Each structure stands twice: as structure tokens, then as C-alpha cells.
Amino acid sequence: MNWDSTPTDTAADDGRLVGAAADGEDQAVEAALRPKSLAEFVGQERVREQLDLVLKAARQRGATADHVLLSGAPGLGKTTLSMIIAAEMEAPIRITSGPAIQHAGDLAAILSSLQEGEVLFLDEIHRMSRPAEEMLYMAMEDFRVDVIVGKGPGATAIPLELPPFTLVGATTRAGLLPPPLRDRFGFTAHMEFYAPGELERVIHRSAELLDVTIDASGAAEIAGRSRGTPRIANRLLRRVRDYAQVKADGDVNQDIAAAALKVYEVDGRGLDRLDRAVLEALLKLFGGGPVGLSTLSVAVGEERETVEEVAEPFLVREGLLARTPRGRVATPAAWAHLGLTPPSGGGPGGTGQGDLFGT
Ligand SMILES: Nc1ncnc2c1ncn2[C@@H]1O[C@H](COP(=O)(O)OP(=O)(O)OP(=O)(O)O)[C@@H](O)[C@H]1O
């Protein structure tokens, strides 16, 4: 395997225990926890079945597999799947990311050094520069690039033949990809958040690899707080393991997992301190809203972007908060989750407090 650069994430939630982006410790441990084959890859049944067909058919034909686009939130297994594709095709893999390719020349250098059948994993493909993207169109379709030599009127294009390769592109936002790029992928897979039962299987598998004894109730407790994301499940497992080792006999059960995650302020639904601060402000200070984002951010003492990009997406996904044209509104589930009673006759819009600073 060949890493051209470390894949980066745009997520601003680095350093959070429930953040979906990989931190330094994750990167060190993840290699050991990654499933190595499609059979070992937990969940995503449809994607697995479809990809299995694509790869088997290519192998039977003795051909290089079609280009694959993987879309989905961070931490759902896109990098892992790209490595599995290479392993199943018995091909080497080269890993790079969109932000690392700012010039067409950067891409030309990578493409021209690929071996026949090699898998090129391009993480955050939506963040590649435009000229590099245009070079990629031709490379994907014709296995050829035009390298421009010189500048201005004297510039000449030198065609360069490439060996057939498989591009695996990963993006958190398939909608941001220009259609000509999207259309050049032979197979597109959208990765969904994992169901609790699937995360339990991920946790049991990782616990075995980490030599941690965990029972079904302990795995279920961690799974319920992992926000549908294997990376978070693995990270919480490691923190629970620390707690079990220091405070008990090292084995993990429901009580140990719950006590450990209480220390780390990750609640039963996977909300952390920031998520809860936002909800509490919305409920306790603004009667459940609607309230503007700026007002809410001032109330919790955080930047607008932090509330909007780090806390809100999960709260919205969980059905705890709604973004409306009049401002942020708590749902009945939010009141229930914090054990609070909505103001009588209130509900959304109870206080009618608007946003002093605009939304
Ligand atoms: N289906 C799965 N079964 C078991 N483990 C998984 C699965 N999906 C992901 N994981 C584990 O979760 C961690 C994160 O996965 P991975 O790095 O592939 O996510 P990603 O989608 O590429 O994230 P990013 O977008 O941040 O690059 C890895 O340790 C991996 O082993």
C-alpha cells in the first residue's frame, strides 16, 4: 500500500470523542481494526452484495474493475472498502486525497506511476482542483492524459498512455461532484449510517482484536452511543476499555460501559457536552424556540459555525432539533431526552423569541 498523503477531513469536530473525523490515535489503531475482506465487512448489505458482483465479474474476465464512487459521512468505512477492493482484486493500492491534488501536474505524476490494475483511492474527491478534475475525466475514460509542457502560445500537449487502473473516489457529498465526473464511475455506492445491531457486531469484532472481553449488554450500550458510525464505536470501545482496566477487572459489561461513558460525557443517545449545551439552551432559555442561530450560539458560548456544523447535524438527524425559516426549534423528543416538560400550550414557538442578530 502506498500513501501519498494522509486523508484529511473537512469536519470541524476534531478532538471530540463522538466526532466522526479520524484523530491521530484513530489513525494509528484503525489499520489494525480494518476488515480485510468483503466477508469481514459488517453491514451495508446492499453495497457489499453489489460490489461483490462488480469485483467477481471483473476477476472472471481478467479485467481491471470499473471505477467506484463511495459516498457517505466520515467514519462509515469508505477507506476500508477501498482497501478491500484492492485486496479482493489482488492489486496494490495508492491512497491520496482531493486537497493534496491542487495542480493537474500532481495528478499526472500519480497517474503516470500507477501499475496495471492498481487501485487509486482518492478521498474527498470533491475537493480536487478544477484542472486536476478535468485531467481525471480523460484518465478515467481513455486511460490517457495530456501533459501540458510550456506556457502560453508555445504550450504543447503531450499525450501519455496510462495502464488500466481502478479509481475509487470517496466523498461525503456526492451532490457536489460535477455530473461529468460522477458519470464516469461505473458503480456508485451510498453508505448509510449503521443500525445498532451492526455496530454491536463491529464492537465485538474490534474487542476481539484488541483482546478485550465484552458481553452483549456492554456492546449494546456502546453501540447505542456511537451515532451510527463504526469509527466512533471503535473509539468509545477504547475509552471504555481504559475505564474497565483502571476501575474494574478489565472486562466490559453494560454497567462498566455506561459508567465509563458518563465520565466522558457521552450520554445514552450519543450526545456529548456540546450537543447537550445546545439543546439545554434551546429548551431552558428559549422555551424550545424558534431562536436564531446567532442567539443560540452566544447563549452556549460557541462560534456560530461550531453550533451549525458540529452540533446541529446530529441533533437534526436524531430528530431533536429542527431548522426552520424562523429559527431553531426543539422537537418533543428533545424535551423528553433532557427529561424536561415543554411549557403548557407552548411547543415550538412557545416564547416567540426571535434572533436579535439575524439567523
Ligand atoms: N463495515 C465495517 N465493519 C467493521 N469495521 C468498520 C466498518 N466500517 C468502518 N469500520 C471501521 O471504522 C473505522 C473508520 O473506517 P474508515 O476509515 O474506512 O472510514 P471512512 O469512511 O473512510 O472515513 P473518512 O471519510 O473519515 O476517511 C476503521 O477502523 C474501520 O475498521
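Every value quoted in this text rests on a predicted model; they were computed, and no experiment measured them. FYI, side chains are in, hydrogens and waters are out, and symmetry mates aren't considered; it's all heavy atoms of this structure. Both ligands and their constituent atoms are indexed starting at 1 by order of listing.
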Quick check: closest heavy atoms across Gly218 and Val252, and the distance to 0.1 Å?
CA-CG1, 4.4 Å
Looking at Arg34, is its backbone amide N or carbonyl O close enough to the side chain of Lys36 to form a donor-acceptor pair, meaning the two atoms are under 3.5 Å apart?
yes
Hey, does Arg34 come in under 3.5 Å of ligand 1, counting only N/O atoms on both sides?
yes
Using a plain distance cutoff, I'd like to know if Tyr194 has any nitrogen or oxygen under 3.5 Å from a nitrogen or oxygen of ligand 1.
yes
I'd like to know whether ligand 1 has Gly75 as a neighbour, heavy-atom separation below 4.0 Å.
yes
Can you confirm, on distance only, whether ligand 1 has an N/O atom lying under 3.5 Å from any N/O atom belonging to Leu33?
yes
Distance filter under 4.0 Å to Lys78 heavy atoms, resulting ligand 1 atoms:
18 (O), 19 (O), 20 (P), 21 (O), 22 (O), 25 (O)
Pro35 heavy atoms within 4.0 Å reach ligand 1 at atoms 3 (N), 4 (C), 5 (N), 31 (O)
At less than 4.0 angstrom from any non-hydrogen atom of Pro74, what atoms of ligand 1 do you find?
23 (O), 25 (O), 26 (O)
Atom indices of ligand 1 within 4.0 angstrom of Asn234 heavy atoms, with elements
11 (C), 12 (O), 29 (O)
Whether Arg227 engages the ring of Phe314 as a cation-pi pair (distance to the six-membered ring centre under 6.0 angstrom, angle to the ring normal within 45°) should be assessed.
yes
Test item, Gly43 contacting ligand 1 (heavy atom, 4.0 angstrom):
no
Would you find more than 12 non-hydrogen atoms of other residues, nucleotides or ligands less than 6.0 Å from Glu40 atom CD?
yes
Would you say that more than 12 heavy atoms from the other residues, nucleotides or ligands in this model lie under 6.0 Å from the CG of Asp249, or not?
yes
Please check if atom CD in Glu45 has more than 12 non-hydrogen atoms from other residues, nucleotides or ligands closer than 6.0 Å.
yes
Given Val42, Asp123, Thr79, identify the one with the heavy atom nearest to atom 1 (N) of ligand 1.
Val42
Would you check if the side chain of Asp275 reaches a backbone N or O of Asp272 as a donor-acceptor pair within less than 3.5 Å?
yes
What atoms of ligand 1 come closer than 4.0 angstrom to any heavy atom of Thr80?
15 (O), 16 (P), 18 (O), 30 (C)
With a 3.5 Å distance limit and no angle check, can you tell me whether Arg235 reaches the backbone of Leu17 through a side-chain donor-acceptor pair?
yes
